[in-house]
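Below: one structure, written as structure tokens.
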Amino acid sequence: MRTVVRVTERVLETPSTVTLRFPYEAPAGPGQFVMIWFPGDDELPMSLSYTGGSSKGVTIKAMGETSRNVQRLRVGDAVGIRGPYGNRFDLSARRVLVVGGGSGSAVLAPAAESAAASGAHLTVALGATEASELLFRRRFEDMGADVEVATDDGSEGTHGFVTVVAERLLATERFDAVWTCGPEVMMQKVARAAGPRNVPVFCSVERQMKCALGMCDACALGPVHVCVDGPVFPAERLLPLEEFGRSHRDPSGRRVPFGTR
Amino acid sequence: MRTVVRVTERVLETPSTVTLRFPYEAPAGPGQFVMIWFPGDDELPMSLSYTGGSSKGVTIKAMGETSRNVQRLRVGDAVGIRGPYGNRFDLSARRVLVVGGGSGSAVLAPAAESAAASGAHLTVALGATEASELLFRRRFEDMGADVEVATDDGSEGTHGFVTVVAERLLATERFDAVWTCGPEVMMQKVARAAGPRNVPVFCSVERQMKCALGMCDACALGPVHVCVDGPVFPAERLLPLEEFGRSHRDPSGRRVPFGTR
Amino acid sequence: MRADVAELAVEIGPLRLRNPFLLASGIWGESGESLAGAWDAGAGGVITKSIGSAPRPGYPNPTIESYSDWGLLNAMGLPNPGIEEYPREVAAARARGATVIGSVFGGDAEEFAELARRLAATGVVALELNLSCPHAEGYGTEVGSTPDDVAAIVRAVVREVRVPVIAKITPNTPDPAALAVAAEKAGAAAISAINTVRGLAIDATLHRPVLAHGLGGLSGPAIKPVGLACVWQIYSRVQVPVIGVGGISTSEDALEYLMAGARAVEVGTAVARDGIGVFGRLVSGLSERLDALGYRSAAAAVGAAHTAPS
Amino acid sequence: MRADVAELAVEIGPLRLRNPFLLASGIWGESGESLAGAWDAGAGGVITKSIGSAPRPGYPNPTIESYSDWGLLNAMGLPNPGIEEYPREVAAARARGATVIGSVFGGDAEEFAELARRLAATGVVALELNLSCPHAEGYGTEVGSTPDDVAAIVRAVVREVRVPVIAKITPNTPDPAALAVAAEKAGAAAISAINTVRGLAIDATLHRPVLAHGLGGLSGPAIKPVGLACVWQIYSRVQVPVIGVGGISTSEDALEYLMAGARAVEVGTAVARDGIGVFGRLVSGLSERLDALGYRSAAAAVGAAHTAPS
Ligand SMILES: Cc1cc2nc3c(=O)[nH]c(=O)nc-3n(C[C@H](O)[C@H](O)[C@H](O)COP(=O)(O)OP(=O)(O)OC[C@H]3O[C@@H](n4cnc5c(N)ncnc54)[C@H](O)[C@@H]3O)c2cc1C
Ligand SMILES: Cc1cc2nc3c(=O)[nH]c(=O)nc-3n(C[C@H](O)[C@H](O)[C@H](O)COP(=O)(O)OP(=O)(O)OC[C@H]3O[C@@H](n4cnc5c(N)ncnc54)[C@H](O)[C@@H]3O)c2cc1C
Ligand SMILES: Cc1cc2nc3c(=O)[nH]c(=O)nc-3n(C[C@H](O)[C@H](O)[C@H](O)COP(=O)(O)O)c2cc1C
Ligand SMILES: Cc1cc2nc3c(=O)[nH]c(=O)nc-3n(C[C@H](O)[C@H](O)[C@H](O)COP(=O)(O)O)c2cc1C
Ligand code: FES
Ligand code: FES
């Protein structure tokens, strides 16, 4: 059940990140991902950064070989899509803190957009290596969210990690929920800051994926399979896991600490 | 797509003919048949003699080995059913002559019953080797039909072939349609008698059947496949065919004249 | 009027087919009138039922079991009127203008050769050898399951006839290409693949196999991946044209076969689901798809998936 | 309370399984926690991913293609962490009480034997030999495609280990029973059948194979008839127990396999469609069906279709 679609729109979001839009009818919700096949290259899991209607989208950061190659795709190029897979963000919270690092905004933006459209109040803490890499800042602002930023190099907003911003916001404002996506250490910190305040935290996590059908075990994270049980989990489900924030598994299934190859 | 059902009722219709009733949900109409598998024995095409609701039925005359064995089936025995297959009688005629020979009444009775229920007037010419073998005579009478019989041995009604009765009726009464099932020579005669009077004749024909899906060619009769194009045909479609009334094909596909093995 | 309409005619050696869609052996092939009917419906050629030396009734019913819309299991048991009677059916089909390919099966090379000789005499344009019939009743393996068997049969047949000989390969083998290579070396003008995949159905309530014969052969959509794999493997190891068979019911299926390496395709089970009108739809559908993808002919798409840019 | 509830425990040689449903190799078997999860969900035993000598990333994506609800094609390429690292996963699963069966694959008998020895040392209760892995990258045939290959591998392994050895047979062969007989003679304690059926998917718009590896293996409902045929044929030619695999997703499917001759069954692709909860449903469903048909145990139904009254 794979559909070949052609890219209808291409937007360079940051110097390292591109959004591809394409027609795809299957209904989807914020949090869900597709397996997107770049013919002649890899097939990768990608969150839908545009989930509504028949024009879907993914937003891809140049990381490894495939995601770098993908930056060169043009309108009219063909890709294979299957999905959407996985679960969705629970959009019922009314005051939401959104904490995004790097390409994490790709999955957070459509969730925030849907929540905002139904009247939720959103505060967004956005982090990146430098100012030009802040993903979807404008999109968050356009939906009426309060946006605070942090950059590793201090080129804009708080100098340092976005977790610092998030911790401050959690200490000073009241939220019904936190939604976060980014490096696991970041999400861990956010979850630990929110825990004592009894604010539920939902993390969108990434793991190696092959089948996306809950079968091949590539995405196993402790007892869960990210592809079907996730990718969105309540933090309390993740924090007790030995692997969360510490290690993932490489394509052979070997456990590899984060930050090493 | 085969369903195993258990026989819920068994009725001895004539000394050589038994009706088996069984639960079978698939919608069916008069004229259609099922492939019925008698485990440990053959699977045969059988017209549905009861087509309505969820209790269907077939009425089987002892002919060869399998149909003889089947007479011994009891309530609770299991059979496999697939279908229904084939087309249906057009039930729109208001004055119908029904001409049945031997087990032909099995398919004619439900058609007549449906037509009678919607107000059609039915005249039935029923033939058999002897009085006790007249199939569904009572059922036809119960639906308000005028029933005339013929027996080969003269034990009841006209002495001789039922075609004699049919020809007389066609000469003296007016009909919108004739429905007939029985030996092909019989149906041929009926069709030839009705033709000049411009009464359309519909014949239910039998041929060797294997797949019942229009694929294996076992049931080929000239250019038509009885299993999917029939079993009910307008006579004018059959009369020009070299094989109709003359030959059928044995299980190997060899052409065999009727009346020989 | 469209300026470019892809050419559908294809050549299988000396044989020109008006389009790549052949009626597969065993479907509508018992009577000449049916063969002609398939031709009239638009088939590029029609293959006869596999014909043997003597009339064979085939196995008793049940001879088929179907699985929703994805598969069909059959054990017809090669019913056929025998080589003595069958020529009249070929004649009937040819009289109506059909391009008829004969199919034969036998127990050994000699029987194949004799049957081929007699069937070739009826004016069939080519002969397909059914190399997948059981060696002996009830025993699982097939006559054409080793390269040596295949070579011996093809060689014997090629000696007897002048029409192109098509070796029809079984998928029930570790290495279909090895069988194809053997057939090519022995003189086959083309390879067709695949015949049905060995299968069995059990009814648990009746605790017995469904088909009277027990074992049967799976066909229909479920075996398309199997057929594509065989064609793919064979295409890269032989020079002669390959004919794809197995699970083709849409023009997209057919196009996949062409791209895997088939120059023509055979259609069987789809006739049961979609009626003989399937040929008309396949022809027009393929034409449209070739146009849309910019291929000028069906032949141009053959093997395209082997040379995809990366 | 029902008076009679069919006994579901079955014995595979010296091995007692609490029910006949095993997690098939390659499904949920990369991590020990997943294996334990399948055990907790009700599996009668769990089979590890096939483990090789060195860590293998497997083939690049796309590694799977699915066909509506009837089939799945995969070319994972035997990804596995390697025999060095894998014992910790077995230990994790065993720590949670799971009955773990190890699976290994190798390029020749020696490699199989060495892997088997090392995996046996982790406390697995049996070893399944994956005799269907490609001989070499990109080449079609498999390590276990001839009786001689199978015999050599099984013999070498049986010499090394004391746990029962299960030979897993390919369906891509003219005569699966011949492979099983060879395995039995060489000392296999059981035969499992089948692994996936060779297949290929092509995307016509992209004119290329879908799977990065090209060829793949078909699994799921489409191959149930194929698996049943293999089990049927094998059962009548060996004495050792047969384990059925291929397309099992309902208890009815499982019962058909038992009646064809399987003493236990493995469940793979159904986990993708129905989740791991499928094991609970299979267990309760089989129990009910056996009761309804009057069988006192799962074992009593084994081979029933071979002895049906006629
Ligand atoms: C559910 C899900 C949703 C996703 N959504 C998005 C999305 O919306 N946008 C997006 O851009 N990406 C998303 N990803 C990530 C994406 O699938 C790819 O992983 C990413 O694009 C990199 O792929 P690649 O093949 O280019 O790089 P790879 O070759 O896989 O390398 C990726 C990066 O990780 C590093 N790396 C590789 N292996 C290791 C290792 N063992 N340890 C530490 N670092 C390693 C590399 O150095 C490189 O920087 C998502 C992943 C999942 C599972
Ligand atoms: C669409 C359809 C509907 C049918 N509906 C009914 C029905 O409602 N009721 C019913 O009883 N039957 C019906 N039949 C007929 C039925 O399917 C069987 O053909 C019949 O029951 C005999 O089957 P058998 O296997 O017992 O006999 P067979 O062994 O096939 O023999 C049947 C009879 O025909 C004779 N015979 C066999 N071969 C030849 C031959 N070559 N030439 C001449 N005579 C031959 C035999 O001597 C015997 O008398 C239907 C058939 C079709 C195709
Ligand atoms: C009912 C039936 C009868 C068949 N008979 C023959 C035959 O006589 N000779 C032969 O070579 N193949 C025979 N086949 C195999 C088909 O020709 C074809 O190879 C196979 O069915 C796969 O194609 P399909 O999926 O389009 O049906 C038969 C198949 C079916 C379904
Ligand atoms: C994704 C996937 C991975 C597999 N990996 C292995 C493996 O590593 N070793 C093995 O012996 N079989 C492997 N198989 C084959 C299965 O164990 C099983 O034999 C086959 O899938 C048929 O069963 P099913 O239809 O229930 O899936 C794999 C199958 C799938 C679908
Ligand atoms: S990606 Fe295969 S189980 Fe999740
Ligand atoms: S019974 Fe097979 S075509 Fe009619």
At under 4.5 Å between heavy atoms, what parts of residues 77-90 of chain B are in contact with chain C? List them by residue number.
B/A78, B/R82
Interface residue of largest heavy-atom contact number with chain B, from C/S34, C/G26, C/P60, under 4.5 Å
C/S34
Against chain C, work out which of B/E43, B/M209, B/R249 has the most heavy-atom pairs shorter than 4.5 Å and name it.
B/E43
Is any side-chain heavy atom of C/E30 closer than 4.5 Å to one of B/S252?
no
Under 4.5 Å, counting heavy-atom pairs only, tell me which of C/S31, C/G29, C/A92, C/G37 racks up the most with chain B.
C/S31
Does any heavy atom of chain B fall under 4.5 Å from the side chain of C/R273, the backbone, both, or neither of them?
neither
With sequence neighbours excluded, what pairs up with C/E85 under the side-chain contact (heavy atoms from CB on, under 4.5 Å) test?
B/R254, C/P81
For atom CD of B/E242, decide whether the heavy atoms of other residues, nucleotides or ligands shown that lie under 6.0 angstrom number more than 12.
no
For chain C, which residues from residues 210-225 of chain B have at least one heavy atom closer than 4.5 Å to it?
B/K210, B/C211, B/L213, B/G214, B/M215, B/C216, B/D217, B/A218, B/A220, B/G222, B/P223, B/H225
Only residue of B/I36, B/L44, B/D42, B/T66 satisfying side-chain contact (heavy atoms from CB on, under 4.5 Å) with C/N61 is B/D42
Does C/E89 form a salt bridge (charged side-chain N to carboxylate O under 4.0 Å, His left out) with B/R255? I'd like the steps, not just the answer.
CA-CA 11 Å; C/E89 309 295 345; B/R255 289 161 202 258; 2.8 Å; yes
The test is side-chain contact (heavy atoms from CB on, under 4.5 Å); show your working for B/E243 and C/E33 and say whether it passes.
CA-CA 12 Å; B/E243 295 165 74; C/E33 261 178 289; 4.0 Å; yes
At a 4.5 Å cut-off on heavy atoms, which part of C/L72 comes close to chain B: side chain, backbone, both, or neither?
side chain
Under 4.5 Å, heavy atom to heavy atom: which of residues 47-55 of chain C reach chain B? Give them by number, or say none.
C/K49, C/P55
Drop me the distance from C/L206's CG to B/F38's CZ, to the nearest 0.5 angstrom.
12.5 Å
